[in-house]
Amino acid sequence: MRIDVVTIFPDYLAALDLSLVGKARRAGLVDLRVHDLRDWTLDRHRTVDDTPFGGGAGMVMRPDVWGRALDDLLPEPSGPDDTVGPGPAAVAAGAHLVVPTPSGEVFTQRRAEELATEDRMVLACGRYEGIDARVVERYRAAGHRVSELSIGDYVLNGGEVAALVMVEAVARLLPGVVGNPQSLVEESHGAAGLLEYPVYTKPPRWGDAEVPEVLLSGHHARIDRWRRDRALERTAARRPDMIAALDPETLDAHDLEVLAGLGWRATRDPRHPADSRYAARWEHVAE
Ligand code: ADE
């Protein structure tokens, strides 16, 4: 995968030379290029921003400068359905333009998985009050895949830290980047829709704190069940929104029992109790 990041602070992205992403770059698994937006300015002061039309605080990034940068970096879009190749290994042709912004849709693990199927991604890091809105409109209208994404409900000084987050979350999903692909399967926000269970390592006794006995038992079925119970409890306590989003039909009787003990009861639409076209829902009673 090729990833281009455009920013007025290229040094911010230096962290991508470290750790797994840095290793993946050196191994040629990801072709990551960081560009200085000011290279596309034409004036002596290398100006990238100006005052907002309509008034208000702060500065807005100019569309002409971004337009020159993105015209250079975005390959031609290749049509509405430009996925090439069969099956899950399919790679989308063209590039996906990602604009980190606090007013975007939320960047989730599902978004990271989608972006990891792209052949190319271009990240446009805004600063100040953001990028002139015509930029996103222009590239969307020209047929590019464009996503404005927020990494959470807080405001950063610019898109660079969000770009670091997105590049790391996407790059670790590319084949070969994470040594043991099984570790991608079990982690939080994986397909199970649950947070990850607590983990322990040596020593088995640390002060008066012991590792749960079951984990030392070697009994894999019991360990799996214990871990799933802890994942359910943890998710119910920390992320009730994730429990509410679970499809009760995908849970086993033991899962349902654990959740019932935490006040979560799966119910069918009372008007259609036996009709599977009406999905089961959650009812939460506070303990
Ligand atoms: N830029 C500033 N704040 C941001 C956020 N929360 N997510 C993505 N980009 C941002």
Side-chain angles (χ1 to χ4, degrees), residues 1-9 12-13 16 21 30-35 37 40 60-63 65-85 88-174 177 184 189-191 241 245:
M1 182 178 194
R2 172 171 159 184
I3 303 176
D4 292 273
V5 183
V6 189
T7 166
I8 57 167
F9 293 117
Y12 241 113
L13 285 301
L16 296 174
V21 177
V30 50
D31 175 7
L32 183 66
R33 307 182 193 189
V34 180
H35 310 268
L37 177 68
W40 283 276
V60 175
M61 296 191 106
R62 293 176 58 108
V65 182
W66 273 108
R68 283 190 291 275
L70 296 175
D71 284 349
D72 279 355
L73 294 173
L74 284 171
E76 284 298 309
S78 43
D81 182 18
D82 48 11
T83 299
V84 291
V91 161
H96 199 126
L97 173 61
V98 175
V99 182
T101 165
S103 50
E105 292 172 40
V106 179
F107 178 71
T108 59
Q109 189 65 21
R110 297 293 88 73
R111 286 292 196 150
E113 285 162 5
E114 276 166 36
L115 290 170
T117 68
E118 297 280 358
D119 201 21
R120 287 185 62 173
M121 168 163 80
V122 177
L123 281 138
C125 300
R127 280 261 144 186
Y128 318 114
E129 296 306 306
I131 301 174
D132 185 302
R134 290 170 291 181
V135 173
V136 158
E137 287 163 18
R138 146 130 14 147
Y139 290 96
R140 200 169 270 147
H144 295 277
R145 292 183 291 286
V146 181
S147 298
E148 294 176 274
L149 298 175
S150 166
I151 60 164
D153 292 343
Y154 38 80
V155 180
L156 305 166
N157 288 332
E160 286 76 10
V161 170
L164 285 172
V165 168
M166 293 177 196
V167 170
E168 177 156 324
V170 170
R172 63 193 296 285
L173 299 176
L174 301 176
V177 173
L184 300 178
H189 303 291
D241 58 308

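Given the structure is predicted, the values throughout are model-derived calculations rather than measurements.
The side-chain heavy atoms of P100 and I151, taken from C-beta on, include no pair separated by under 4.5 Å. With a 4.5 Å cut-off on side-chain heavy atoms, Y12 and V34 do not count as touching. Contact check for L149 versus L115: side-chain heavy atoms found under the 4.5 Å cut-off. Using a 4.5 Å heavy-atom threshold, the side chains of M61 and I8 count as touching. Residues L70 and R138 have side chains not in contact (no heavy-atom distance under 4.5 Å, counting atoms from C-beta outward).
With hydrogens and angles disregarded, a donor-acceptor distance shorter than 3.5 Å links the side chain of Y139 to the backbone of G67.
Salt bridge D31/R120: absent, no basic N to carboxylate O contact under 4.0 Å.
The 12-atom threshold is exceeded at CZ of R110, counting heavy atoms of other residues, nucleotides or ligands nearer than 6.0 Å. In the displayed structure, R140 atom CZ is contacted under 6.0 Å by more than 12 heavy atoms of other residues, nucleotides or ligands.
In terms of heavy-atom proximity, P77 sits nearest to H144 at CD-CE1, 3.3 Å. Between L97 and A124, the closest heavy-atom pair is CD1-CB, 4.2 Å. Among all heavy-atom pairs drawn from C125 and V5, the shortest one is SG-CG1, 3.8 Å. Residue A116 comes nearest to L173 through the heavy atom pair CB-CB, 3.9 Å, listed as atom of the first residue, atom of the second, then distance. Nearest heavy-atom pair across A171 and V177 is O-CG2, 3.2 Å. Considering all non-hydrogen atoms of both residues, G94 and D119 come closest at O-CB, 4.4 Å.
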Checklist entry - Hey, mind stepping through V30 and I3 against side chain to side chain contact (heavy atoms under 4.5 Å, CB included) and telling me if it holds? => result CA-CA 7 Å; V30 50; I3 303 176; 3.9 Å; yes

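Separation of atoms CG (L32) and CZ (R2) is listed at 10.5 Å; rounding is to 0.5 Å. Atom CG of D4 is separated from atom NE2 of H35 by 3.5 Å, given to the nearest 0.5 angstrom. With rounding to the nearest 0.5 Å, the separation of CE in M121 from CG in L74 is 12.5 Å. If you take CG on D132 and CD on E137, they are separated by 8.5 Å, rounding to the nearest 0.5 Å. Rounding to the nearest 0.5 Å places CD of E114 at 10.0 Å from CZ of F107.
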Going by atom type alone, with no hydrogens or angles, which donor-acceptor pairs under 3.5 Å involve a side-chain atom of residues 156-168 and a protein atom two or more places apart or on another chain?
from	atom 1	to	atom 2	distance (Å)
E160	OE1	R127	NE	3.0
E160	OE1	R127	NH2	2.9
E160	OE2	T7	OG1	2.7

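No hydrogens or angles considered: a donor-acceptor pair under 3.5 Å links the side chains of S147 and H96.
Residues passing the side chain to side chain donor-acceptor pair (under 3.5 Å) test with E105, sequence neighbours excluded: R111.
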